[in-house]
Amino acid sequence: MLEYRGVTKKFYKRDAEITALRNVSFRIEDGQFVSVVGPSGCGKSTMLNLSAGLSKPTAGEILYRGQPVTGINTKLGYITQRDNLLEWSTVYDNIVIALRIRNVPRQKQKELADYYLKLMGLQDFAKHYPMELSGGMRKRASLARTLIYSPELVMMDEPFSALDAHVKGMMHEELLRVWELETKTILFITHDLTEAITLSDKVVVLSARPGTVKAIIDINLPRPRDPFLLQTTPEFIEIYHRVWDLLRDDIRKSEAA
Ligand code: ADP
Ligand code: MG
């Protein structure tokens, strides 16, 4: 569905040149849950912006269903790191925005909104404003707002990084439940290795900047997964240690930089 072929991205700031990504190649198949982990500043958000067509690679190419991404890719949903909910609109209005833009009939908007509000456990909060919601509820609202227009590929940029551990665990359960129900393709960005392994079919490990692919690891843990139980199994712990060995030096490097 999405393929990176030798993608390099450089930024130019006055006389300085920053290489954010170098020669990144990997692919995501239809229906897969793929995570990208890497230390802060290694080019993860840059990667999503490239996939969305918001900026162009300096070298290499990104293919979406076999075609090079040239302009803004409207087939995908992009949940940015900050949730972008409109504070002065109700949860309901926030959720149906994409449908309004597409001129979906009101009755259909209502049906879809009711479905996704319920799916995300927000049915009693339709008339609330975002600032009245907890952190986890805001995340669920932004997920509903993206899923409602049925993007084929959902990209999520560190969506749960600001949540405390227990809320995060519950969000993992919900995301897996929704993913299994709707069989979406997901590209998930995180710096949290436990989260990446828990959720994914495949984990792409990036080095410190410039982000290069250090390893691509298949996570063959059985599904459906219970995040809390899974994390205590020997199989999970073995994978965790294997990936952590790859990441450790790069996290030190990015902290020292
Ligand atoms: P991550 O999401 O992994 O933390 P980013 O993709 O946000 O990292 O950034 C990677 C590097 O590219 C950083 O050094 C950042 O400062 C730089 N960068 C990102 N976007 C721009 C931009 N528009 N202009 C200049 N430099 C940028
Ligand atoms: Mg980022």
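Numbers here simply count residues along the sequence, with the first being 1. Counting starts at 1 for both ligands and their atoms, following the listed order.
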Numbering the atoms of ligand 1 from 1, which are under 4.0 Å from a heavy atom of [X]?
| X | result |
| --- | --- |
| R209 | 11 (C), 13 (C), 14 (O) |
| T46 | 5 (P), 6 (O), 9 (O), 10 (C), 19 (C) |
| K13 | 25 (C) |

Considering only non-hydrogen protein atoms, determine which one is nearest to [atom] and report residue, atom name and distance to 0.1 Å.
| atom | answer |
| --- | --- |
| atom 8 (O) of ligand 1 | G43 N, 3.3 Å |
| atom 20 (N) of ligand 1 | F11 CZ, 3.3 Å |
| atom 16 (O) of ligand 1 | I18 CD1, 4.8 Å |

For the residue pair F188 and F33, does the interplanar ring angle fall in the parallel (under 30°), tilted (30 to 60°) or perpendicular (over 60°) class?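 Rings of F188 and F33: tilted, as their planes differ by 30° to 60°.
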Under 2.8 Å from the Mg ion (ligand 2), which protein atoms of type N, O or S occur, listed by chain and number? S45 OG
Contact check: [X] vs ligand 1, nitrogen or oxygen atoms, below 3.5 angstrom:
| X | value |
| --- | --- |
| S45 | yes |
| S40 | no |
| C42 | yes |

Indicate yes or no for a side-chain donor-acceptor contact from [X] to the backbone of [Y] under 3.5 Å, with no hydrogens or angles considered.
| X | Y | answer |
| --- | --- | --- |
| R242 | I237 | no |
| K44 | G38 | yes |
| K214 | L246 | yes |
| K9 | K56 | yes |

Is it true that D192 and K168 have a side-chain N and a carboxylate O under 4.0 angstrom from each other?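 The answer is yes: the pair qualifies as a salt bridge.
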Looking at D218 and K202, is there a salt bridge between them, counting it only when a charged N and a carboxylate O are closer than 4.0 Å?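 A salt bridge is absent here (no side-chain N lies under 4.0 Å from a carboxylate O).
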CD1-CD distance between I97 and Q109, expressed to the nearest 0.5 angstrom: 10.5 Å
Return yes if a side-chain donor-acceptor contact under 3.5 Å exists between [X] and [Y], otherwise no.
| X | Y | answer |
| --- | --- | --- |
| T8 | N23 | no |
| Y4 | S51 | yes |
| Y78 | N49 | yes |
| E152 | T185 | no |

Any protein heavy atom at under 4.0 Å, with atom 11 (C) of ligand 1 as the reference point?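 Answer yes: something from the protein, a heavy atom, is under 4.0 Å.
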Per atom 4 (O) of ligand 1, closest listed option by heavy atom (P39, G41, A20): G41
Just to be sure I'm reading this right: ignoring hydrogens, which of K44, Q81, H191 gets closest to atom 3 (O) of ligand 1? Compare them by their nearest heavy atoms. K44
Backbone, side chain, both or neither: what part of M47 comes under 4.0 angstrom of ligand 1, heavy atoms only? neither
